[in-house]
A.B. asks: 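Please read through the structure below; I'll follow up with questions.
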Amino acid sequence: MSGEYGIAYFDENGFVRKVCSRCGSRFWTRDPERDTCGDAPCDTYTFIGAPLFREHSAEELREKFLSFFESRNHKRLSRYPVVARWRDDIYLNIASIANFQPLITSGSVPPPANPLVISQPCIRLEDLESIGKSGRHLTMFEMMGHHAFNKRGGDEIYWKNETVQYCDEFLKQLGVPPTSVTYKEAPWVGGGNAGPCLEVIVGGLELATLVFMDLEAVYEKGEISIDGQWYRKMETYIVDTGYGLERFVWASKGTPTVYDAIFPEVIDELLSSIGLEHPMQSYGNELIEIARLCGVMKRKELEKKFQSRLGDFFRRIMAPMETVYAIADHTRCLAFMLADGVVPSNAKEGYLARLVIRRTLRMLNSLQCEMPVEELVALHIKLMHDSFPELEDSVDRINEILALERSRYRDTLSKGERIVKQMLKKEKELSVDTLIDLYDTHGIPPEFVKEVASSAGNIEVDVPEDFYSLVAKLHGAEEQHHAPEPELARLHDRIRAIPKTARLYYEEPFSKDFDATVLDCFDNFIVLDRTLFYPEGGGQPADTGILGNNLKVVAVRDVDGVILHEIEGDTSGISPGMHVRGSIDSRRRIAHMRHHSATHIVIWAARKVLGGHIWQAGAQKGELRSRLDITHFKRITDDERRKIELLANEMVMRNEDIKATFMERNEAERRYGFQIYQGGVPPGKELRIVEIGNCEDVQACAGTHCTKTGEVGPIKLLRTERIQDGIERLWFSAGEAAVRAIQTRDALIKKSASVLRIPEERLPASVERFFDEWKQLRKENERLRAEIAGLRVEQLRMRAMDMRGVKVISEVVADATMKDLMRMASQLSDEGFVTLLISGMTGNVVCSVPASAPAVVNAAEVVTNVTSVLGGRGGGTARSARGGGNRLDKVEAAKEAGLKTIASRLA
RNA sequence: GGGCUCGUAGCUCAGCGGAAGAGUGCCUCCUUCGCGAGGAGGAAGCCACGGGUUCGAAUCCCGUCGAGUCCA
């Protein structure tokens with residue numbers, strides 16, 4: 001790819017291309033003496049303690065960057081959320097370009113502006129273990145980026161030359177000495193795209209990455225291969241730059257770590273709460289020396305190098321300091337995640353939030369820091385007020401969520417403590433497999449197990465260093481890219497030339513019949529020029545109905561805007577050019593329509609009642625009922641459910657307009673924000689926006705809707721269900737279906753009341769009374785049976801026979817249960833009788849042999865012989881055995897068989 | 001989206017095919033000036049729910065509901 005880096009700006013500005021003497025990479029520099037690329041691990045962090053340009057705050061630097069590009073014709077965009085709501089392949093926003101993937105980068109949707117500049121908060125959790133230790137890793141960081149989207153054959157906005165020029169000029173404006181900058185060549189790969197790239201390095205630190213994205217991944221063999229993956233040139237070629245805001249600020253301050261540069265107030269707060277001082281106070285010079293080497297040497301090597309000078313400095317001072325750094329980092333990350341609406345849970349992005357929360361709690365605990373995590377998050381939000389005032393709107397909710405998470409984790413750990421203690425009672429040591437199991441199924445971290453084991457049982461537990469990767473291995477690595485299904489590809493080819501179908505169902509949502517011309521007919525599919533049939537999509541099922549001469553439409557699909565009517569049966573009578581009449585099952589359609597509008601109303605009401613974090617996590621509309629999954633951090637109470645229901649019905653009664661308009665995508669996002677993507681992200685540059693009332697609820701939605709909320713009819717919330725931690729499912733019915741649902745419930749109550757012969761309103765009290773009485777009678781019955789068994793024992797005792805000096809009882813008891821038999825037999829055998837009892841009612845058999853009887857009588861053998869007569873089986877020990885059979889007519893014969901067995905043994 | 005675990009007395013749990021158990025809390029009595037403590041006795045269970053297998057299910061299998069947890 002060496003040809004990719006022939007850039008005029010380098011030639012015209014005295015740059016030379018060199019090869020790094022350490023790593024062999026090629027790089028560009030103005031300094032002819034330089035022979036290393038400048039990047040770690042080839043060079044040290046020279047800027048620490050000696051910054052290369054004037055000190056900047058984050059606000060200052062961000063503003064400089066944005067206005068620099070603004071004055072160079074770039075449009076400034078405000079930040080996107082850190083949760084990637086518009087993508088289904090990633091949960092969190094990992095880069096500024098992620099905002100524009102995949103629809104804009106692929107060229108199918110135009111960019112919101114071109115060129116543009118943005119500073120995007122991003123979250124990456126891959127290097128979780130390095131946070132706090134490396135001095136440079138952050139879970140949450142701002143990627144400042146300027147982007148230009150070019151199309152082959154179109155007018156080029158700009159490409160490599162301008163990109164390098166902008167970068168160089170920006171650095172110059174900041175006051176970075178030109179000779180200290182190197183541009184290192186490095187191919188870039190990510191998110192299904194790739195391209196050549198220049199890493200911009202100053203003072204040993206990579207400050208920015210200039211990516212020239214012009215390749216996309218393909219699944220079959222292609223033109224270019226990188227790391228075993230095939231790529232081809234895209235129709236578009238995109239300038240994707242990433243300037244690390246925090247790194248610039250760090251470089252400008254020259255502090256030992258990036259953390260000290262970005263959130264020193266939080267670090268101070270933490271240090272003072274645990275009574276520690278910052279190592280800069282007493283070990284300033286050493287710390288700077290160490291920090292400079294951080295990119296070059298591994299931790300072990302550093303410790304060895306400073307061992308003689310500093311003793312156990314790393315263990316005593318650096319280790320807690322690193323934890324402080326990590327906590328300060330994690331809490332800043334949480335501020336963004338939670339403010340942007342992530343609900344902690346055990347799945348999807350919610351799990352990532354919980355992961356960060358629990359790590360933070362564990363670390364706070366290890367420092368014995370009493371400070372609640374929510375206070376630290378609130379402090380971050382306060383400190384970032386000037387840059388991100390919107391975070392403050394969520395402070396109350398964040399407090400509630402974090403307090404809840406704290407108590408949940410406390411519960412998990414105290415339960416874990418019990419489990420481990422229980423285990424230690426039985427086992428002397430805990431294997432690695434046990435540790436993995438404890439973590440995997442109960443969430444008990446091995447460090448915690450070790451602690452419990454040594455304090456409670458004085459048992460040492462070895463936690464392997466690669467513990468967490470062992471856990472990861474257990475879950476295996478699946479994740480494969482799915483090539484598009486061949487069936488769909490075939491359909492795409494077939495309909496390529498067909499014009500998009502006119503959608504009559506939007507203009508005439510209540511119509512039933514229509515006329516149309518057949519454009520194509522193949523397999524079982526009919527394509528028309530216009531249709532009333534709604535294709536399946538957005539959780540709304542397709543319409544059914546009739547086409548032409550009684551052809552049954554069983555499914556309807558939308559492929560690239562062409563609507564395919566799937567027919568059950570013979571379509572041979574249909575050919576292109578024919579005129580056909582269609583009619584849909586309008587009763588079904590109207591039911592779907594009501595449920596669809598009701599879905600929007602319910603989520604609006606839920607958001608009003610529960611809070612702004614409510615987000616649709618899935619939905620399915622039906623004729624009789626629909627379901628809506630929403631993100632929420634605790635169970636919805638009955639009271640909340642009633643409030644939501646009432647509010648939704650108030651919206652219906654207000655009879656507000658439901659307006660659907662087509663709108664340019666960027667315009668819609670600008671006007672309404674990302675909340676329009678509740679039901680996922682539809683493709684295309686134009687969106688259909690459905691608005692209820694005056695912006696009460698706005699969603700991008702292709703479904704059919706009522707035109708007034710009043711047409712929806714009554715909305716009945718049937719039940720709530722927790723389908724996952726952090727996701728509640730609401731079941732509801734609308735319109736006619738709601739009335740029917742209410743009637744069904746009514747009938748249930750009526751029927752129950754009539755069975756008990758009481759008025760409906762007495763139902764709860766009476767049911768409770770009946771239940772209590774039933775419990776009492778059950779006990780009474782139990783007591784009486786025991787009494788009867790006692791009386792029977794006396795009778796049985798008198799009927800005992802003597803077999804060679806051994807007292808034997810073998811009797812059929814008419815109406816005894818298994819429990820009765822056991823009760824009697826055990827008492828009799830205690831008194832020295834060899835006892836065999838058979839129930840004439842249930843066919844149960846019990847044999848009990850007293851300890852005093854000769855060992856030759858085997859209860860299990862007796863029972864086996866007896867039950868074989870009864871047509872059943874049984875078993876037990878030589879002293880006591882049970883069994884049974886269902887041939888109740890054979891009980892007398894069975895008794896004789898038992899007696900015979902006993903007699904033969906005593907003979 | 002995938003995996004694992006758990007629902008038994010008010011609470012914490014044992015039992016894992018043959019009469020529902022322990023600890024703790026609760027009630028009564030004894031000991032004590034009283035408290036703590038100790039002793040004796042007692043009450044308290046739809047063994048989550050619904051099916052199936054079995055002579056027999058808290059126990060095994062399937063489903064439902066509820067809870068916990070790990071991974072992508």
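The chains referred to below are lettered A, B, ... by the order of the sequence lines, with proteins before strands, and numbering in each begins at 1.
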A.B. asks: Under 4.0 angstrom, heavy atoms only, what part of the nucleic acid is A:Arg358 near: base, sugar-phosphate, or nothing?
C.D. replies: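 A:Arg358: backbone/sugar contact only, no base atoms under 4.0 Å.
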
A.B. asks: Quickly work out the A:Leu870 CG to B:G56 P distance and round it to whole Å.
C.D. replies: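 Value for this atom pair: 13 Å.
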
A.B. asks: Checking A:Tyr677 now: which residues fulfil ring pair (Phe, Tyr, Trp, His ring centres under 6.0 Å) with it, not counting sequence neighbours?
C.D. replies: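 Ring pair (Phe, Tyr, Trp, His ring centres under 6.0 Å) check on A:Tyr677 returns nothing, list empty.
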
A.B. asks: Rounding to the closest angstrom, what is the interatomic distance between B:C65 and B:A57 at atom P?
C.D. replies: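 It comes out at 26 Å once rounded to the nearest Å.
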
A.B. asks: Can you tell me which nucleotide in B:G68, B:C65, B:U69 comes closest to the side chain of A:Arg722?
C.D. replies: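 Between B:G68, B:C65, B:U69, the one nearest the side chain of A:Arg722 would be B:G68.
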
A.B. asks: Using modelled atom types only, decide if a donor and an acceptor are shared between the side chain of A:Asp340 and the backbone of A:Val82 within a distance under 3.5 Å.
C.D. replies: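 The answer is yes, because a donor-acceptor pair under 3.5 Å joins these two groups.
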
A.B. asks: What pairs with A:Phe833 under ring pair (Phe, Tyr, Trp, His ring centres under 6.0 Å), at least two apart in sequence or on another chain?
C.D. replies: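 Residues passing ring pair (Phe, Tyr, Trp, His ring centres under 6.0 Å) with A:Phe833: none at all.
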
A.B. asks: Short question: side chain of A:Glu721, backbone of A:Arg729 - any donor-acceptor pair under 3.5 Å?
C.D. replies: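 Here the side-chain-to-backbone pair does not exist.
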
A.B. asks: Within the modelled atom types, does a donor on one side and an acceptor on the other bring the side chain of A:Asp440 and the base of B:U69 under 3.5 Å apart?
C.D. replies: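 Such a pair does not exist between side chain and base.
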
A.B. asks: Going by the rule side chain to side chain donor-acceptor pair (under 3.5 Å), which residues pair with A:Asn858 if we only count those two or more places apart in sequence or in a different chain?
C.D. replies: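 Once residues adjacent in sequence are excluded, A:Asn858 has no partner under the side chain to side chain donor-acceptor pair (under 3.5 Å) criterion.
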
A.B. asks: Considering only side-chain heavy atoms of A:Met822, which listed nucleotide, B:G1, B:U69, B:A19, is closest?
C.D. replies: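 So the side chain of A:Met822 is nearest to B:A19.
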
A.B. asks: Side chains of A:Thr864 and A:Glu861: do they bring a donor and an acceptor to under 3.5 Å?
C.D. replies: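 Side chains of A:Thr864 and A:Glu861: no pair found under 3.5 Å.
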
A.B. asks: Tell me the salt bridge (charged side-chain N to carboxylate O under 4.0 Å, His left out) pairs involving residues 439-451 of chain A, sequence neighbours left out?
C.D. replies: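 Output for this query is empty, none listed.
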
A.B. asks: Not counting sequence neighbours, which residues clear ring pair (Phe, Tyr, Trp, His ring centres under 6.0 Å) with A:Trp615? List them please.
C.D. replies: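 Residues passing ring pair (Phe, Tyr, Trp, His ring centres under 6.0 Å) with A:Trp615: none at all.
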
A.B. asks: Students often get this wrong, so: under 4.0 angstrom with heavy atoms, is A:Gly885 touching a base, only sugar-phosphate, or nothing?
C.D. replies: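 Sugar-phosphate, backbone atoms only, no base.
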
A.B. asks: Within the distance-only criterion (no hydrogens, no angle test), does the side chain of A:Asp830 pair as donor or acceptor with the backbone N or O of A:Pro850 below 3.5 angstrom?
C.D. replies: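 Flag not set: sc A:Asp830 to bb A:Pro850 has no pair under 3.5 Å.
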
A.B. asks: With the criterion being N/O to N/O and under 3.5 Å, what pairs connect the protein with nucleotides 41-52 of chain B, and how long is each?
C.D. replies:
residue : atom : partner  : partner atom : Å
B:A44   : OP1  : A:Lys779 : NZ           : 2.6

A.B. asks: How far does the C1' atom of B:A20 sit from the matching atom of B:A37, given to the nearest Å?
C.D. replies: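 About 32 Å, rounded to a whole number of Å.
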
A.B. asks: Judged by modelled atom types alone, do A:Thr877 and A:Ser880 share a side-chain donor-acceptor pair under 3.5 Å?
C.D. replies: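 Looking only at side-chain atoms, A:Ser880 and A:Thr877 do not form any donor-acceptor pair under 3.5 Å.
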
A.B. asks: So, does A:Arg745 use its side chain to make a donor-acceptor pair with the main chain of A:Leu718 at under 3.5 Å?
C.D. replies: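 Yes, because the side chain of A:Arg745 sits within donor-acceptor range (under 3.5 Å) of the backbone of A:Leu718.
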
A.B. asks: Is the distance from OP1 or OP2 of B:A19 to the nearest side-chain N or O of A:Ser826 less than 4.0 Å?
C.D. replies: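 So the side-chain polar atoms of A:Ser826 never come under 4.0 Å of the phosphate oxygens OP1 or OP2 of B:A19.
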
A.B. asks: Can you build the contact string for nucleotides 5-17 of chain B? Use B for base contact, S for sugar-phosphate-only contact, and - for no protein heavy atom under 4.0 Å.
C.D. replies: S------SS----

A.B. asks: Please map the stems of RNA chain B, keeping only stretches of three or more Watson-Crick or G-U wobble pairs with both distances under 3.5 angstrom.
C.D. replies: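 Only these stems qualify: B:1-7 with B:65-71, B:10-13 with B:21-24, B:26-30 with B:38-42, B:48-52 with B:60-64.
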
A.B. asks: By side chain to side chain donor-acceptor pair (under 3.5 Å), which residues pair with A:Ser839, not counting sequence neighbours?
C.D. replies: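 With sequence neighbours excluded, A:Ser839 shows a side chain to side chain donor-acceptor pair (under 3.5 Å) to A:Thr842, given in chain and number order.
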
A.B. asks: Please identify each residue that fulfils salt bridge (Lys or Arg N to Asp or Glu O under 4.0 Å) with A:Arg87, with sequence neighbours left out.
C.D. replies: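 For A:Arg87 the salt bridge (Lys or Arg N to Asp or Glu O under 4.0 Å) partners, ignoring immediate neighbours, are A:Asp89.
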
A.B. asks: Tell me, please, which residues at least two apart from A:Arg627 pass side chain to side chain donor-acceptor pair (under 3.5 Å).
C.D. replies: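 With neighbours one apart ignored, the set is empty.
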
A.B. asks: Between the protein and nucleotides 20-27 of chain B, list the N/O to N/O atom pairs that are separated by less than 3.5 angstrom.
C.D. replies:
residue : atom : partner  : partner atom : Å
B:A20   : OP1  : A:Lys819 : NZ           : 3.1

A.B. asks: For B:G1 and A:Lys348 - does any side-chain N or O of the residue sit under 4.0 Å from the phosphate oxygens OP1/OP2?
C.D. replies: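 Indeed, a polar side-chain atom of A:Lys348 lies that close.
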
A.B. asks: What's the gap between B:C60 and B:G3 when it is taken at their C1' atoms, as a whole Å value?
C.D. replies: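 It works out to 22 Å between them.
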
